[in-house]
Amino acid sequence: MNWMSVLATLTCGRAGVKSLALLEVTTGVRKFWMGAGMDSYFEKETIQEMRDLPLSNLARKIGLNFEEWFSHAVKPLPETFRVNPHHPDKEWAQKIIDKLGGKPVQWLADVDAWQMPWPRGKAPDEYSKAMIQGLHDIGCITRQELVSMMPPLVLKPQPHELVLDSCASPGSKTTQLALMQPLAGIVANEPNAGRLNMLVTNCGRLGIDNVAIIQHDGRFISKIPPPGFDAVLCDVPCTGSATMRKNRGVWWNWSPKDGRDLFSLQVEIVERACLLTRPGGRVVYSTCSMDPIENEAVVLEILHRCPWMKLEFIPVEDLYAGAVLHPGLNHWPILDESGEEVIDDFESLANFSHSHLPPRLRKKGKKTELEMDLSPCVRIYPHDNNTGGFFVAHLYHDVESDVSDRAVTLRQQPPKPGFDSIYPTPKPSPHALSVVTDDAKNEIETQWGFPFEKWAWWQRGKRVSLSLPLLFDRLYAPSVPRNKWQSWDGMSWHPLKVIHAGMPVFAENKGRWRIRQEGLQVVRNDLQNRVIRLQRSQLIRLIEEESLPIDEIDTEGLRGPVILSSDFVMIPGWIGAHVTPMANKNLKSLTLQRLKEEEA
């Protein structure tokens, strides 16, 4: 594997972050000037030079209106984000965003997406900057490109489904899937240990309890209990050739060879997803690239390798009503390193991989293959809807396909004579995530009066997490195929390497289990004990002065961890010599602002 594929494997995550240009793996990236205005450009001399770069040639060769595309491609992206539909302060956050000049994005159905009147990361004043950052930090909003919100809408998780995000970090699509359908179990995969914390943090910030995070190379994700995943999202590592509006180095770093180098990695990630998807399930493939080698050519190769998968039309009128979209390409150019097209005949293309060619130029034996229609794929470009660029394809595991053509990864045969059908799982590490101990569970119930049956309970060290029971029922409890004749014993995550499951809600301190700030979002409606009701004026003073004397508040004789509540507000607290709020700066600041607004 070449150096580019290795880097992509290590950075398997969100398309914009995983793009090679953003990593700045080459030297001499051209410096550029850009002001804060939405119409700011590069310097004129630089713009003229950019017209002749390979990236510009790619846009010409795939049939775009070059001037229209180029005029948008050199502009900065607007600031966009989506609102957490389950956050208790959602409506208040929407009012704040509206006052700052934000406008709802109408063409993204079923997403509360907003666009601000300033470029990405360029808020016009300190107040706007602080408010957006604060709303993001407390989980009211998530910064995300509009085109990045498109693939989860195609996948559309349903209640009680098990869904895999095979290249998940930093988690914008993972969290979107989880919030779209809280009754679906989302398995987020990230191979890079350095990026796992970002994924865990984003799930925690949003108060999500239906995500399990695993650490595997996307090409070799372990088997899971039958019937497999109901749906898989493959937002794979790519060159990021469609992210030129935010990753400016793409202009000078991108080369046609880059996409060809990543092609095998992309195909192998999607192929593994297709092998782990149950009959009737679906796989959504997406990139933030314009290059057909990374897009339609990958889909075409998957359809040949996995004949049980069928390409489906995306219901764009239902999902993206009013957006300008383009169908997938059925023919594309093969470009040299300058971005010029190689002559379109078999002799000239002999030095290029057969798998990179469009349908009518691919050979099967001595014959040209029949045309395969790739128009059900969807393309979006920067000039279409004032966004970045993206590609999305929807594949379906056909239940009517010949059984011999279907995925065999999870299929088993009768036990082999002389072999036990059940194989014992390895002993887990002492630091592994495991089912909570009875002692910890009983202590939490005694202190907080908490319902057991609503969640699955997990423990690592002095933290207890709560998750959707489906993660226990579909991944932990059942046995898992080991080979054709044997299965690993159940009641274990093995062979999946599970790093995190659900939401860390409780943390133990000297025998007392306090509720963490992020965890409060999950359990706020189920608390029965240790909730202290305060007057609005008391809570305002408590936050402003950082603590209050114990005799000024009716603490009901409680000591240690409590929840402080007033009207619509709940924050963790601690009762010792004083009553103290246990919340971070952003939560206290925004809570104080809202309390004073309501009081006025």
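- Note on ring orientation: taking the six-membered ring where Trp is involved, the planes of F506 and W448 are tilted (angle from 30° to 60°).
- There is a side-chain donor-acceptor pair under 3.5 Å between Q144 and Q176.
- Residue E546 is tested with K585, R541, K588 for a salt bridge (charged side-chain N to carboxylate O under 4.0 Å, His left out); the sole match is K588.
- Using a 4.0 Å cut-off between charged nitrogen and carboxylate oxygen, R278 and D230 count as a salt-bridge pair.
- For the pair L520 and M570, the minimum side-chain heavy-atom distance is below 4.5 Å.
- Judged purely by atom type and a 3.5 angstrom limit, E556 has no side-chain atom pairing as donor or acceptor with the backbone of D554.
- Without hydrogens or angle criteria, E271 side chain to C306 main chain gives no donor-acceptor distance under 3.5 Å.
- For the 3.5 Å distance criterion, the side chains of S566 and R536 fail to qualify, holding no donor opposite an acceptor.
- Under the 4.0 Å criterion applied to side-chain N and carboxylate O atoms, D89 and R594 are assigned as salt-bridge partners.
- Side-chain contact of W92 with E597: a donor-acceptor pair under 3.5 Å is present, judged by distance alone.
- The nearest pair of heavy atoms linking P225 to L475 is CG-O, 4.0 Å.
- One N or O on the side chain of Q181 and one on the backbone of L183 form a donor-acceptor pair closer than 3.5 Å.
- The distance from atom SG of C274 to atom CD1 of I302, rounded to the nearest 0.5 Å, is 5.0 Å.
- Between the side chains of S222 and K497, no donor-acceptor pair is found at a separation under 3.5 Å.
- In this structure a side-chain-to-backbone donor-acceptor pair under 3.5 Å is present from H397 to T277.
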Item to check | Stepwise side chain to side chain contact (heavy atoms under 4.5 Å, CB included) check, I97 with V83 | outcome: CA-CA 10 Å; I97 297 165; V83 175; 4.0 Å; yes
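- By the ring pair (Phe, Tyr, Trp, His ring centres under 6.0 Å) test, W488 pairs with Y423, H494, sequence neighbours left out.
- Within a 6.0 Å radius of CD in Q593, more than 12 heavy atoms belonging to other residues, nucleotides or ligands are found.
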With a cut-off of 3.5 Å and sequence neighbours excluded, list every side-chain donor-acceptor pair involving residues 430-439.
| residue | atom | partner | partner atom | Å |
| --- | --- | --- | --- | --- |
| T437 | OG1 | A440 | N | 3.2 |
| T437 | OG1 | Q459 | OE1 | 3.4 |

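- Of the residues listed (D318, L108, I314), the one engaging L153 in a side-chain contact (heavy atoms from CB on, under 4.5 Å) is L108, and it is the only one.
- Rounding to the nearest 0.5 angstrom, the gap separating the CD1 atom in I96 from the CG atom in L590 is 8.0 Å.
- With 3.5 Å as the limit, one finds a donor-acceptor pair spanning the side chains of D235 and S286.
- Heavy atoms only, all atoms of each residue included: T80 and E145 are closest at OG1-CA, 3.6 Å.
- Closest non-hydrogen pair, E161 versus Q158, comes out as OE1-N, 3.0 Å.
- Side chain of Q535 to main chain of S537: no donor-acceptor pair is present (N/O by atom type, distance under 3.5 Å, no hydrogens or angles).
- Heavy-atom contacts from other residues, nucleotides or ligands closer than 6.0 Å to CG of D110 number 12 or fewer.
- Between the side chains of R205 and N202, at least one donor N or O sits under 3.5 Å from an acceptor N or O.
- In this structure, Q528 places its CD atom where more than 12 heavy-atom neighbours from other residues, nucleotides or ligands lie under 6.0 Å away.
- A salt bridge links E79 with R143: at least one charged nitrogen is closer than 4.0 Å to a carboxylate oxygen.
- Counting only distance, with no hydrogens or angles, the side chain of H86 and the backbone of L179 share a donor-acceptor pair below 3.5 Å.
- The pair R82-D112 does not meet the salt-bridge criterion, since no charged nitrogen lies less than 4.0 angstrom from a carboxylate oxygen.
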Only pairs under 3.5 Å count here: list side-chain donor-acceptor contacts from residues 451-458, not counting sequence neighbours, and write none if there are none.
| residue | atom | partner | partner atom | Å |
| --- | --- | --- | --- | --- |
| K454 | NZ | D526 | OD1 | 3.3 |
| K454 | NZ | D526 | OD2 | 3.0 |
| W455 | NE1 | D209 | OD2 | 2.9 |
| W457 | NE1 | F452 | O | 3.1 |
| W458 | NE1 | S467 | OG | 2.8 |

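- For the residue pair Q133 / D137, a side-chain donor-acceptor distance below 3.5 Å is found, with atom types taken as modelled.
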